[in-house]
Structure formats: C-alpha cells, structure tokens
Amino acid sequence: MLFHPAFPLLVVAFIALAVPATCRKVISLLAPIISAIFLFLLDPETVYHMSFLKDYHLLLIRLDDISFLMTLVICLITFLFFLYTWHQTYNMQGVAALVYAASAIGSLLSGDWITLIFCWELMAVAAVALIWLSNRYAFKAGFRYLLIHFFGGNLLLGGIVLLIGQNQYVIGQLLPSQGAAYWLVLAGLGLSAGFLPFHSWIPDAYSRVGLGASVLMNCLTTKVAVMTLIRVFPGDQNLLIMGIVMAFWGVLYALRENDFRRLLCYHIISQMGIIIAGIGIGTPLALNGAVALTIGNMIYKGLLFMTAGAVVYATDKTKLTELSGLAKQLPGVAFIFFIAALAIAGMPGFAGFATKPMILSAASAAHMDWAELLLIFAGLGTFLSIPLKMGYFLFLAPPKEGQENPIKRKIPIHMYWAMGILTVVCVVIGLFPQILYQMLPYTIPYTSYHIGHILQECQLLVAAALTFYLMRPIVKPHAGITLDFDWFYRVPLRNFFLGLSKGIDKIRGLFWDDIIRMVKKASVWNRNPYRTFAGNTENQPVSFDPDHYRAPMLNNVLYPILVLMVILILIYVTI
Amino acid sequence: MNKKKDRLVIVSLVAILAILLLLELVFITPEGHVIWHTLPFSHAVMGILFSVIFILVAKPLLNKILMRSEHYYKDKGGK
C-alpha cells in the first residue's frame, strides 16, 4: 500500500479544524512523525502516477535522494515547530503550518509540472495564511508576500503551459534553447528562491511572522525553490552570477540591520546565493554541496530563528540597539545561539564546516577561481554578521548605561526542548559529516576535515574576529532602516496607483452629475417598462408602490449587459 | 576595566592567529594553481582585508546612500 508523505499532514489539518486546542496540538505534533514513517515506507526510486487527462499522468511521487532528504528534514522541522509553539493556543496557525508543510513536501516529491504548480500555489496560499494567522499585525506584509508569490506562480504557470505545449510533461533540465519557457520557469522559481531584485519579500514577511512561524518559513519556500532549481537548471551559468550577487547583497544588508530577525532574514538571501552559485557550477560535487548547504541551512538557520524567537519572547524587543549583554540573563539561549552561529559561519567542528566548503572545493576543482574567491569573500560576511555582530551586540557587549533588566517572562521549557533537539542534530552533522554525505545525490568521496583546510578556515575566522573587534565602533548598530528594492513598490509604485486612482476619480467627478441624471431618467423607464409599452396605466392601483423604495431590478441586468456588449465589440474590432 | 578586557581579547586573538600561522608553516605544503592557495598566510590576509572592506562598505558608505529613519515608510503613508 502506498501513501503520500504529505497525506497525514493534510488529514490532520482538516481534523484540527474541528477539535479542541489541546487535541489539536497533540495530533499536529504527531502528524510529521507519521509523514516521516510514510516516507520510510516508500521504496527508493518510487514513482507513483495517477491518470489526470487524456494522455496525461500526474507523477505525484518521484522519490530520489534529494526529495527523500528534504522531506525528512521538513518533517523534523515541522515537528519542532509544533513543539516550539506548544504554548500558543490562540489561533489556527497550526492548520496553516500543516498545509504549508504538506504542499512543500508535495512540491519536492512531484515528478510532473502540473503537480508541481498545484503544490506550488497551495504553498503560497498556506504561507500567507500562516503569516496572517501567526501575527495579526503582519497583514500588509502578508499581502505583499501574496502579490509577489502569485506573480511568481503565474510566471511559472506560463512557463509550464509552454513546456506542455512542447510535450515536456516531466520535470527535467531546461535549456536556453527552449526560449520563453526556460526564462519563465527560471523567473518563477527564482522569485521564490530570493533572486535579486525580487528578494525583499524575505525580510519583509519572515521578520514579521510569529516567532515559530519564522522557523518553519525559513525551511520551506526558499529551500523548495532551490531544490527545484537543482532539478531544472544544474550547471546554468546565469545562476552562478546571480548566486554570487545574492551572496554579497544579503550579507551587506545583514551587517547593516538593527532588527536581529531582519538580520537573519537578509542572511537567508546570502546563503541562498551560495547555494544557487553551487547549482550554477553544476558539477556533481557542487550539486552535492548545494543540497548539503540547503539541509545545513534548514537546521542551523532554523536554530538561529528559534534563539531569536526565544529572545523576543523573553524581552518583547527585536532591536540590537535596545538589548545587550543577554548572555548573563539567558545563558542557555546564548549557548545554543553560538553553536548555531559558529555552524553557519563554517567553524571546524560544526555543521557548516561539513557543508559550505563543498561548494568552494567544487569551484576550485572546476577551475572557476574567481567564483571560489568571491564565495570565500561573501562567506566571510556570514561570520561578521551573525556570530560577531549579532552575537557580540546581543549577548556579549556590556549592558548599556541605565539599561533595566529586559527579561519580561521566562522562556517555556518546550522551547528549550525544540532548540535542544536541533542543536544535537547540528553538532552531530558537524562531528560526523559522513552521515549527511551518504544521503547526498552523488557518491563522491569528500571530507572537509584535513589539517590544511582546518588551519586555513581557522586563520580566516580568527583574522576576521580580530578585525571586527578593532572596528566594532563602526559596526555598532544604529536605529534606522536601509532602503532596498521593495522601496520601488512601496513608494513610487504605490504613489503611481494612488495618483492614477485620484486622476480617474477627478474625471469621474467632472461628469458625475450628468451620469446621475442619466441614470435617474433611465431608472424611471427601467422601473416599469410595461408603462412605456402599454401606454395608459392610470387604472392600475397606486396606493402601494414597492418599487418606489427599491432599486430598479433591470439596472442590475441592463448595465452589465451593455458593458459586456461594449467589451465584446472592442475585442471583435481589435482581433 | 573595559580597556583591560579589550586588551586581553585583542592579545588573545593575535596570539591564536600567530599560533595558526606557525602551524601553517609547519604542517601545510602549499599546493594549487592560484595565489590564495599557494601564498603563505593568505587566508589570514584575506580574513583581515575582506573584513575591512565589508565593514567599510556596509556601514559608512551605505549609511550615506541607503539609511533612513525607522518611520520612513509610515511617513510616506504606508506601513
């Protein structure tokens, strides 16, 4: 018997709508475990198809190493999301989270374009629901997320329609020779992966969602997008250039950020950039590196979002200028933060050292020396922005003069449990990277643990730490925001539409009195057309006239018909 | 007290870096086809150089171009 791993999540999402809060939390916690069991029950290389239209079969499951590994980690993160948010009983965000995780798994396992686009759009809708349900003040950010992702989804759909027109139903590699389909699919997937200049939705939405929701969101949309890019555009040089630009852009903005949740969000863009550059390099080692770095990011970046969430939960503050010296008040959180931060920076002994160097080694082996140098450069920004900037100013810097104890509430034990489990995973991958390497798509002997590499990496990081410490008055956070590409649609585009709307309203105002007069005259006729055709109606009873107080019904029918006729005529004339 | 602590941190980092450089001379035989693989202490130099560039570009330079008040978007009528 074959079950789709997304199935338990969707079933529990429906059941959760109808059961009390405690029961909902318990079954939500169990759902990802059942999904993981279903995943293990699938045979390797499973392909499950379902008849859809004439000559078309939906490939609901096409299991390979990448989809297996990603689905497994999504199940883990979804489980930890429910453990982390166990104290929250006030809304239905869990239902949205289950559908979100299910659609992400559906996208990863899909083998054909139609299944992919269905799961893709469902993922966008569920993510928006999660944004709105996890934080009621994030309405506008959710709306911007919706606009961007529906735009991206439509680009992807356009590409898929063209691909199906070319009889390419199964998801596979695309080439520039396929014309518009190639570019539309690249843009659609890239938009969800955080391609510049459409990346601003990541800090905009992820920094505003609920504390647990940011952990889940970090691990789904962008990661599913890059995994799809691996399947469709391996070795594409456009991705190498885009990846390097993203890697720099993300860390530069992360270094500037004062809001530490936004700092982590900008850093996602940088890490996505390095992964996308790996896909662009395209050799088996680089693709292994891209998958390993994606898995690593889901784990240690998820852990960073958990620690950031724990700080916000305890203090109600998100600004580095408002907090400092938290290592004394929150030693457990500080300890976990530094494990995750050193992991993401690639410190030997931590998970990042097992994942990131694969892409650098692949660039070197492929003689893309400039790419290797730029990725080393951009990767150093990670160390500067997270362990050094965020770690120092949030946890280690001396408390500001007159600063009161910022701790307002105790962090619940289940949050520590969730962070603890992910910390163990992070450390185990760091110490025993072969566990991860065995699950990667290509079998290539690789180890980052050799004396030369360890010494060079340590030199790089210690030299950067020394420079940071000497230059920390310059890096010190300041209150303020940094303009990004979202400025274009938040200020000039908004003003353009407001101006357009006002202009149209002004024109309408000029003719409004005439329109009203015309409608009133027409209404007299519309109210009782019989009067016109039947001539004298004096003998009809006049004591009660219900039409006197209600809008003429014919208005509702006549005007749409007239408008439709005008549109049809215009279309006819145009075509 | 703070100056003492600062000095201790800096001296510790310099000492660790010096040990790492010494270990590189002892244990690593340079190999590769590009300068940052063959030149001794190249990663320490890159660590310092790249960090200085990052910090100067990210803070003083971009402050002048992109920094705005926290209420910038609210003042513009949005949120």
Side-chain angles (χ1 to χ4, degrees), chain A residues 137 139-141 248 251-256 258-259 319 364 367 369-370 372-373 376-381 383-385 388 398 451-472 474-476 478-484 486-487 490-491 494-495 498, chain B residues 1-2 5-6 9-37 41-63 65-73 75-79:
Chain A
Y137 299 109
F139 177 76
K140 288 200 172 183
F248 276 96
V251 281
L252 276 173
Y253 273 75
L255 263 173
R256 296 188 47 74
N258 181 31
D259 181 325
K319 304 280 167 63
S364 176
H367 294 282
D369 301 319
W370 60 273
E372 187 203 4
L373 187 65
I376 293 173
F377 192 173
L380 195 66
F383 186 56
L384 288 170
S385 56
L388 293 179
I451 184 75
H453 187 209
I454 293 171
L455 281 176
Q456 285 176 340
E457 190 66 22
C458 289
Q459 275 182 25
L460 195 74
L461 298 183
V462 174
L466 180 63
T467 313
F468 171 86
Y469 201 77
L470 293 169
M471 296 182 78
R472 68 191 191 287
I474 300 176
V475 191
K476 193 177 169 185
H478 293 95
I481 62 156
T482 306
L483 297 186
D484 200 347
D486 60 341
W487 178 81
R490 292 179 74 172
V491 180
R494 180 176 174 278
N495 289 345
L498 276 176
Chain B
M1 181 63 190
N2 271 344
K5 199 177 156 187
D6 279 355
V9 173
I10 292 165
V11 168
S12 308
L13 288 171
V14 171
I16 295 168
L17 191 58
I19 293 167
L20 289 169
L21 296 177
L22 204 67
L23 288 172
E24 182 185 335
L25 284 179
V26 177
F27 287 107
I28 300 180
T29 313
E31 54 182 79
H33 55 277
V34 282
I35 193 168
W36 56 90
H37 288 165
F41 314 145
S42 58
H43 279 68
V45 173
M46 283 196 294
I48 293 169
L49 185 69
F50 291 168
S51 301
V52 170
I53 295 172
F54 256 133
I55 290 169
L56 292 180
V57 171
K59 295 297 279 192
L61 182 67
L62 290 183
N63 271 354
I65 305 168
L66 298 172
M67 184 99 172
R68 295 290 184 277
S69 105
E70 291 209 340
H71 306 293
Y72 175 77
Y73 284 117
D75 295 343
K76 292 277 174 190
K79 271 191 179 178

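Throughout, a chain's letter reflects where its sequence line sits, starting with A, and its residues are numbered from 1. Small disclaimer: the values here were computed from a predicted structure and weren't measured.
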Measure across B/Ile48 and A/Ala463 and return the closest heavy-atom pair with its distance rounded to 0.1 Å.
CG1-CB, 3.7 Å
If you count heavy-atom pairs under 4.5 Å between each of B/Ile65, B/Asn63, B/Ile16, B/Val45 and chain A, which one has the most?
B/Asn63
Determine whether more than 12 heavy atoms belonging to other residues, nucleotides or ligands lie under 6.0 Å from atom CG of B/Leu25.
yes
Could you tell me the separation between the CD1 atom of B/Ile53 and the CG atom of A/Leu252, rounded to the nearest 0.5 Å?
11.0 Å
Options B/Ile55, B/Val34, B/Val14, B/Leu21, ranked by heavy-atom pairs under 4.5 Å with chain A, top entry
B/Ile55
Heavy-atom pairs under 4.5 Å with chain B, option from A/Cys458, A/Ala254, A/Pro398, A/Ser385 with the top count
A/Cys458
With side chains defined as the heavy atoms from C-beta onward, is the minimum distance between B/Trp36 and A/Asp369 less than 4.5 Å?
yes
If one checks every heavy atom of A/Phe383 against chain B at 4.5 Å, the contacting part turns out to be neither
Could you tell me whether a side-chain N or O of A/Arg256 sits under 3.5 Å from a main-chain N or O of B/Ala58, the two making a donor and an acceptor?
yes
For B/His37 versus A/Ser364, what's the shortest heavy-atom pair and its separation?
CE1-OG, 3.4 Å
Under 4.5 Å from a heavy atom of chain A, the part of B/Leu49 involved:
neither
Side chain to side chain, A/Thr482 and B/Leu62, heavy atoms closer than 4.5 Å
no
Using heavy-atom distances under 4.5 Å, tell me whether A/Asp259 contacts chain B through its side chain, its backbone, both, or neither.
neither
So which part of A/Val491 gets closer than 4.5 Å to some heavy atom of chain B, the side chain, the backbone, both or neither?
side chain
Heavy-atom distance under 4.5 Å between the side chains of A/Leu255 and B/Lys59, does that happen here?
no
Would you check if A/Met471 and B/Leu56 make a side-chain contact, meaning some heavy-atom pair closer than 4.5 Å?
yes
Interatomic distance, B/Asp6 atom CG to A/Leu470 atom CG [nearest 0.5 angstrom]
9.0 Å
Spacing of A/Gln459 atom CD and B/His43 atom NE2 [to the nearest 0.5 Å]
8.0 Å
Atom of B/Leu20, atom of A/Leu455 and distance for their closest heavy-atom approach
CD2-CD2, 3.8 Å
Specify which of A/Leu483, A/Thr467, A/Leu380 makes the most heavy-atom pairs with chain B at under 4.5 Å.
A/Leu483
For the pair B/Phe54 and A/Phe377, name the ring-plane relationship: parallel under 30°, tilted 30 to 60°, perpendicular over 60°.
perpendicular
Are A/Ile454 and B/Phe27 close enough that some pair of their side-chain heavy atoms sits under 4.5 Å apart?
no
Heavy-atom distances under 4.5 Å only: say whether B/Val52 touches chain A with side chain, backbone, both or neither.
both
Of all of A/Leu373, A/Ile474, A/Leu498, A/Ile376, which one pairs up most often with chain B through heavy atoms under 4.5 Å apart?
A/Leu373
Which of A/Lys476, A/Glu372, A/Glu457 touches chain B most, by non-hydrogen pairs under 4.5 Å
A/Glu372
